[in-house]
Amino acid sequence: MARIMLENVTRRFGLVIAVDNVSLPIIDGEFFALLGPSGCGKTTTLRLIAGLEVPTAGRVHIGDRDVTGLPPRERDVAMVFQDYALYPHMTILDNVGYPLKVRGVGRREIRERVGEVAGFLQIAELLERRPAQLSGGQQQRAAVARAVVHKPQVFLFDEPLSNLDAKLRLEARGFLKHLQHELGITTVYVTHDQAEALALADRIAIMNQGRIIQVGTPLEVYRRPQTTFVAGFIGNPPMNLVPCRLEVGVEAAHLVGTTFRLDLTSLRDRLALTLRDDEEVILGIRPEHLTFCGQGDPFAIPAETYAIQPLGAECVVILLVDSTTLSVRLFTGEPPQQTGRVWVGVNPERILVYRKSGELVLG
Amino acid sequence: MTGGAPILSRRTGFFFLLPSLGFVSLFILFPFVWVFYLSFTNQTLTGVTAIQSRLVGLANYQRLLDFETWMTSGQFGNALRISAQFVVGSALIGQALLGLAIAWAFYRWRGAFREIVYTLVILAWIIPDVVVAFTWMAFLDRDRGTLNAILQLLRLAPVDWLIQQPVLSIIIFNTWRGTAFSMLLFSSALATIPPSYLESAEVAGASGWQKFRDIILPLIRSHILTDIILITLWTFNTFTPFLITGGGPAFKSELVSIYTFRIAFQFFEFGRGGAIAVAMMLINLVLALTYLTILRRQGVRT
Ligand SMILES: Nc1ncnc2c1ncn2[C@@H]1O[C@H](COP(=O)(O)OP(=O)(O)OP(=O)(O)O)[C@@H](O)[C@H]1O
Ligand SMILES: [Mg+2]
């Protein structure tokens, strides 16, 4: 059990800055997710913690030790690779027991401890088989078993579920979360799937182009994305982002789009604090905070139905507002009655306002 | 395209094979049978027996395996012993081990240094035999050799390599000459191993040696066997060392291949030469079958 500290860590590959001055404190025992699009530096960050990469600048601490220069084997971490990296020439028993074997643990004790872990992970009947004879889900559990067997201080996962089909992935999510809770081992989990990060993590760091954009609990990053990048990345469908212009008067305030004019007088003072009159801004609103309404509603936006996606428990409607699209999420599951020209109402308490450059200014 | 109906009938197909079968029979099968036949005769190139050779039964083989004298210098047993040293020294320890070591050392090393080393090693492999042999003679020469010049620079006594250490000389020569093959074979074998195997072993706590023993070796075992089969046979049959030491001095570096040559083409005793050639072929066959059996057993296990 240990906390992890990244201190101004940078990793360059030639001209590419894979990880750019990242500082992260990861709390002892927490489930921490690194989330971001492909190529943003998640894997590199994880490998820096594992010791498979050496930082170009900055320091890495695990527990009370500065491990910056230490090789992986001296860091007492365990890592589950995206391809699981189970050795094809060894049985599952030998695979899972390998970290014990290299530590000089005796054959009998290895068998015992592997048996324990295997029972816990429900792979006890598979120990004599070879990796090729296992299904994807079983391989994933075997890889996890190999990672837990020597009770490391830190667990590192690099997209361990991306090779599984959708159903297994959901199952494995529950299983991993339960496992981490049971063991209480500090875990860093890399994924590009925002739903996975939200579902699993105690805290999430969202990365883009080598930098950490925001760190917070799943609810924090969902409710108050600090930038339009995070807002557009988290949530499915992601947050609606509509470019508009702000009009701040002495008394009143309005958000003006090409086809609508929202009365934000109730927020006038807070808006006037940070924004100028006539400034270009971006309105952010989650799909579930939009509702269909009548034309008379003061917070109504006129729109055109574009596509309807019934999902069983809910229904996602895509609308066209001038040239941008808006997603609306209806929790009834019933598709809307009217199609064609409709009006959607915005809940002013739920809106977020971003500067044109992307930072959150109100929300 | 497997399983479909053949485009040609068997008979027509066979017809197309005929020319190549003809060549194979003429240039491989016929000489082979001829040598086999010769080994039971007293055929020579000159003298009475050149015209009137006759069957002598196993006499040639008896002479070959005359256990009273066969280990004395210039005899078959002696040549076999030297060949064994040569194969173990230059093929197994030299080429295979060195090739594996270089391939492993550069496994994750990309860049100019690797390219330079690989190019040099491959160069040693593709230069014609005669040129290489001459270069090595120049390198090892007692009075004007490069090696002795270096030794003298280091204030060490010069050595007459080709006279004092003939076997060592040809072992080093053949290692230098042939390592490229093993190196290339092993580096392509290593390239098939996903880096994550080694990285996960590293994170699991394995040392460099443990990674090599537990992950690399088992995964390239069949490549190693294949490599060893090929280079053992090549090394056992190679004749190039003759260009450097001529089998001497006093038969001290006379390999089986050189011995065969001496009997058959210096003394022109084709009957005896044929017997040696047949014996060599049997040794090759035994070596190949042994390796292939091991390889097959490996295949069943994994
Ligand atoms: N060994 C390397 N040599 C050169 N460039 C590298 C190396 N490893 C990573 N990079 C570069 O660093 C950047 C970050 O890579 P990284 O693998 O960390 O991304 P990622 O967030 O894990 O992406 P993905 O979701 O696709 O796995 C990329 O631009 C990548 O091309
Ligand atoms: Mg990655």
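In this structure, B/Gln210 and A/Val102 approach most closely via the heavy-atom pair NE2-O, 3.5 Å. Listed here is the closest heavy atom pair of A/Arg146 and B/Ser200: NH2-OG, 3.6 Å. For A/Tyr98 against B/Ala201, the heavy-atom pair with the smallest separation is CE2-CB, 4.0 Å. For A/Ala78 against B/Val203, the heavy-atom pair with the smallest separation is CA-CG1, 3.9 Å. Residues B/Ala204 and A/Arg103 approach most closely at O-NH1, 2.5 Å, considering heavy atoms.
Counting only distance, with no hydrogens or angles, the side chain of A/His89 and the backbone of B/Asp214 share a donor-acceptor pair below 3.5 Å.
In this structure, B/Ser196 and A/Tyr84 have side chains that are not in contact, with every pair of non-hydrogen atoms separated by 4.5 Å or more.
With sequence neighbours left out, the ring-ring contact (aromatic ring centres under 6.0 Å, His included) criterion links A/Tyr189 to A/Phe31, A/Phe157. Applying the side-chain contact (heavy atoms from CB on, under 4.5 Å) test to B/Ser83 and every residue at least two apart in sequence or in another chain returns B/Phe236, B/Leu255, B/Val256.
Residue A/Arg75: no heavy atom, backbone or side chain, is found under 4.5 Å from chain B. No part of A/Leu156 comes within reach of chain B, as not one of its non-hydrogen atoms sits under 4.5 angstrom from that chain.
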Checklist entry - Between B/Glu199 and A/Met79, does a side-chain contact (heavy atoms from CB on, under 4.5 Å) hold up when you go through it step by step? => result CA-CA 9 Å; B/Glu199 287 173 350; A/Met79 184 159 168; over 6 Å; no

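Counting heavy-atom neighbours within 6.0 Å of B/Phe239 CZ, excluding the residue itself, gives a total above 12. Open room surrounds CG on A/Leu15; 12 or fewer heavy atoms of other groups in view lie less than 6.0 Å from it. Heavy atoms of other residues, nucleotides or ligands lying less than 6.0 angstrom from CZ of A/Phe13 number more than 12. Residue A/Asp165 places its CG atom among more than 12 non-hydrogen atoms of other residues, nucleotides or ligands, all under 6.0 Å distant. Counted within 6.0 Å of CZ on A/Arg111, heavy atoms from surrounding residues, nucleotides or ligands total 12 or fewer; the atom is thus considered open.
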